[in-house]
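Report on the following structure.
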Amino acid sequence: MKCIRRIYASIFKWVPVSALFTILNYISGALVPAVITVVSVGLFNSAARVLGGEPAQDGLYRYAVWYLVIYLLNDVLYYVFSIALNTGVYEKGTAYFRIALCEKVARLPLISFEDADTLNRKERAEKAVNDEILSAVFHRTLAFLSSAVAVTGVAVVLARYSLWLLPLSLLSVLPYLFARLVRGKEFYYVKSIQAKKTRLLSYLWNLFTTRQAAKEMRVMGFDGYLTDKWRNTRDEGNEELWSVQKKDAVSLLWCDGIRIAGYGISVVVVLLLVLRGKVSLGVFGASVAAFLSLQNSMKDFLTELGRIPEQLSYAGDYYSFLDMPEESDGEAIFPGSFDSIVLDHVSFRYPNNDCYALKSVDLTIRKGEKIVILGENGSGKTTLSKVLLGLYPPESGRVLYDGRPVEDFSKESFYSKISAIAQDFVAYSLTLRENVALSDTARLHCDEEIRTVLAHAGAEQIGNLDDRMGREFGGRELSIGQWQKLAIARGLFRVSELILLDEPTSALDPLVETEILAGFIQAAENKTALIISHRVGLCKLADRIIVMKNGEIAETGTHDDLIKASGEYARLYKAQEMWYHPDFKSTATSRNAAK
């Protein structure tokens, strides 16, 4: 009931007029069968008297007019109310439910999306919205109540003529209830355990429709394997659903047989009552029609009653997701400037993982420092950056900005005054100007500033500021390296004292990387800059190098200090040193040609 109340409250809040019209439609629809039955008795009795030789009476015409008016009015109102139901409750209501879901996703802690259980719950919540189940609960509960009123009204009318009609009508449709309840639970069970398979199916399908993945599949020749994997996953899920659907079809077939038998028996019983003079011919005609109406209403009543628990299960998934704990937000305003950032014994591990990604990390970053956080893949450097920016809460320890924990600051004030370029940056199919100024749209038309950061990022030759980038809308296609340069320019353009780059130049040639990052350091002269990388090209230009290994800080110092120490940094530097030699490209090219 709590779930139903929440759905009704939401519908009446978002689309009150449509909700009211829908309720009026079901109220009128519930009263029509009983009224029609009463009018039909009068109409048939009047017609029977005329056929028996009596002169036509005004009652015959009056009942005929009332019969037509009720049917016509019911059809017109149904047409009008169906618009309110479809456009209001279903289309607008579902849109609002989707908005609420998206807002909830935005408020969840980022770390929760590293948990498979959260992703499965999100998948089920999205299904409840995409399949319009929440709006359907509003619709079907009203249909259930309307059918109950209609059944009661018609039953009262039938009881006036013969109590024999009541048990026959009830017994003929009860199997619908049991069939729908049992099958409905099975459908929900199958759908709930299929959430993981549904996500896998969607993931595999996206691989076929993503240009980069499709290109690699074609070149490497494993498209057939992924196609078979997608097909097998699809067939496995469909088999589970088809098994339940076959049982459902057989159950409903038996129900229809019992219903038809019940209707036939009722007609025979009423006919015997007529022949024995217990009821009039008019009552016979009206009772037969009313019994069919009662059966249909009872069928709708029981069917909706059986479907509601199934749909409430899905709706419960939606609200279960909405009720998940949200990310806490501080109240303090982040000033933007700071003298130091301190990581005090910070440890962190991902959900459902026994290994720590960070192990008791102690680190102090001073204002204006240019720091390279270096390490091989899996060393913990990217996790360190996310904890440092407050995206992931540490399991133990604290992240302090001028002595104040990062979680004390409001998210809006904090993230509006820092700049970060992620490894999986976005390529925006917008103009060159917009690609840079999206980080600070208030300066969208500051052309000189945009050109300056483009030059620092090595992207000044990409095109004119108003040229569209990307082929999707007929613009200029860029290489991955050029898109990376635009991402760097976007980060530099934002007014902030802290800028973090996570593997910002991984798609660039090592020599070009060093050139661009040298320009970046020059442009970030008045900023605190943190650069996450597994390549050593920029390290000579950094104020300090922090070397990560197995979630811990293995070394820290300048390039010269760490080379002398002959530790992890020296090993990485010697392994990559040849990449940054001016003759490296030509040597590698000659070697490949010789092969």
Side-chain angles (χ1 to χ4, degrees), residues 340-343 346 357-358 361-389 399 418-423 425 456-458 484-485 487-489 491-492 496-581:
S340 67
I341 306 172
V342 175
L343 278 74
V346 169
L358 296 177
V361 172
D362 287 308
L363 175 64
T364 298
I365 299 169
R366 291 175 290 274
K367 180 179 180 178
E369 274 194 300
K370 310 298 182 287
I371 295 177
V372 174
I373 302 176
L374 188 70
E376 296 179 324
N377 292 332
S379 61
K381 55 188 186 297
T382 296
T383 303
L384 176 66
S385 71
K386 291 179 178 178
V387 171
L388 187 146
L389 294 180
V399 179
I418 65 172
S419 181
I421 297 127
Q423 183 177 4
F425 60 88
H456 285 307
Q484 278 195 321
K485 292 177 181 179
I488 294 172
L492 283 172
S496 65
E497 291 196 14
L498 173 64
I499 182 169
L500 186 145
L501 279 71
D502 186 1
E503 299 282 5
T505 52
S506 58
L508 299 177
D509 176 89
L511 292 177
V512 176
E513 171 199 48
T514 303
E515 179 183 346
I516 290 174
L517 292 182
F520 164 79
I521 286 183
Q522 180 183 355
E525 181 179 359
N526 299 319
K527 301 175 185 283
T528 302
L530 306 176
I531 302 172
I532 312 294
S533 183
H534 65 278
R535 303 205 304 206
V536 301
L538 183 65
C539 292
K540 290 183 179 180
L541 303 177
D543 297 325
R544 188 155 47 118
I545 304 163
I546 296 169
V547 183
M548 298 289 298
K549 186 175 182 179
N550 298 325
E552 299 177 297
I553 295 179
E555 295 176 298
T556 181
T558 64
H559 168 76
D560 292 337
D561 292 338
L562 296 179
I563 287 294
K564 291 177 182 177
S566 299
E568 180 68 12
Y569 175 77
R571 182 185 70 81
L572 293 173
Y573 185 82
K574 290 176 182 177
Q576 300 178 24
E577 185 177 17
M578 63 176 180
W579 296 357
Y580 301 95
H581 192 281

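Each residue takes its place number in the sequence, starting with 1.
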Shortest non-hydrogen contact from [X] toward [Y]:
{"X": "Lys381", "Y": "Leu374", "value": "CD-C, 4.2 Å"}
{"X": "Val399", "Y": "Leu388", "value": "CG1-O, 3.7 Å"}
{"X": "Thr558", "Y": "Ile545", "value": "C-CD1, 3.9 Å"}
{"X": "Gly491", "Y": "Ser419", "value": "O-OG, 2.8 Å"}
{"X": "Ala570", "Y": "Leu562", "value": "CB-O, 4.1 Å"}
{"X": "Gly368", "Y": "Thr528", "value": "N-OG1, 2.8 Å"}

Is any side-chain heavy atom of Leu358 less than 4.5 Å from a side-chain heavy atom of Leu343?
no
Within-4.5 Å side-chain heavy-atom neighbours: Glu376 and Leu572:
yes
Given side-chain contact (heavy atoms from CB on, under 4.5 Å), test Thr556 with Asp561 step by step and report yes or no.
CA-CA 9 Å; Thr556 181; Asp561 292 338; over 6 Å; no
Salt bridge (charged side-chain N to carboxylate O under 4.0 Å, His left out) partners of residues 537-547, not counting sequence neighbours, each pair once:
Glu369-Arg544
With sequence neighbours left out, the residues meeting side chain to side chain contact (heavy atoms under 4.5 Å, CB included) with Lys564 are none
What residue pairs, at least two apart or across chains, pass side-chain hydrogen bond (donor to acceptor under 3.5 Å, both in side chains) with a residue in residues 546-555?
Lys549-Glu568
Rounded to the nearest 0.5 Å, how far does [atom2] of [Y] lie from [atom1] of [X]?
{"X": "Asn526", "Y": "Ser496", "atom1": "CG", "atom2": "OG", "value": "11.5 Å"}
{"X": "Leu363", "Y": "Ile371", "atom1": "CG", "atom2": "CD1", "value": "6.5 Å"}
{"X": "Ile421", "Y": "Leu501", "atom1": "CD1", "atom2": "CG", "value": "3.5 Å"}
{"X": "Asp502", "Y": "Phe425", "atom1": "CG", "atom2": "CZ", "value": "11.5 Å"}

Step-by-step side-chain contact (heavy atoms from CB on, under 4.5 Å) determination, Asp362 to Ile553
CA-CA 8 Å; Asp362 287 308; Ile553 295 179; over 6 Å; no
Mind running side-chain contact (heavy atoms from CB on, under 4.5 Å) on Ile373 and Met548 for me, showing each step along the way?
CA-CA 7 Å; Ile373 302 176; Met548 298 289 298; 3.8 Å; yes
Would you sort out whether Ile365 and Leu498 count as a side-chain contact (heavy atoms from CB on, under 4.5 Å), showing the intermediate values?
CA-CA 11 Å; Ile365 299 169; Leu498 173 64; over 6 Å; no
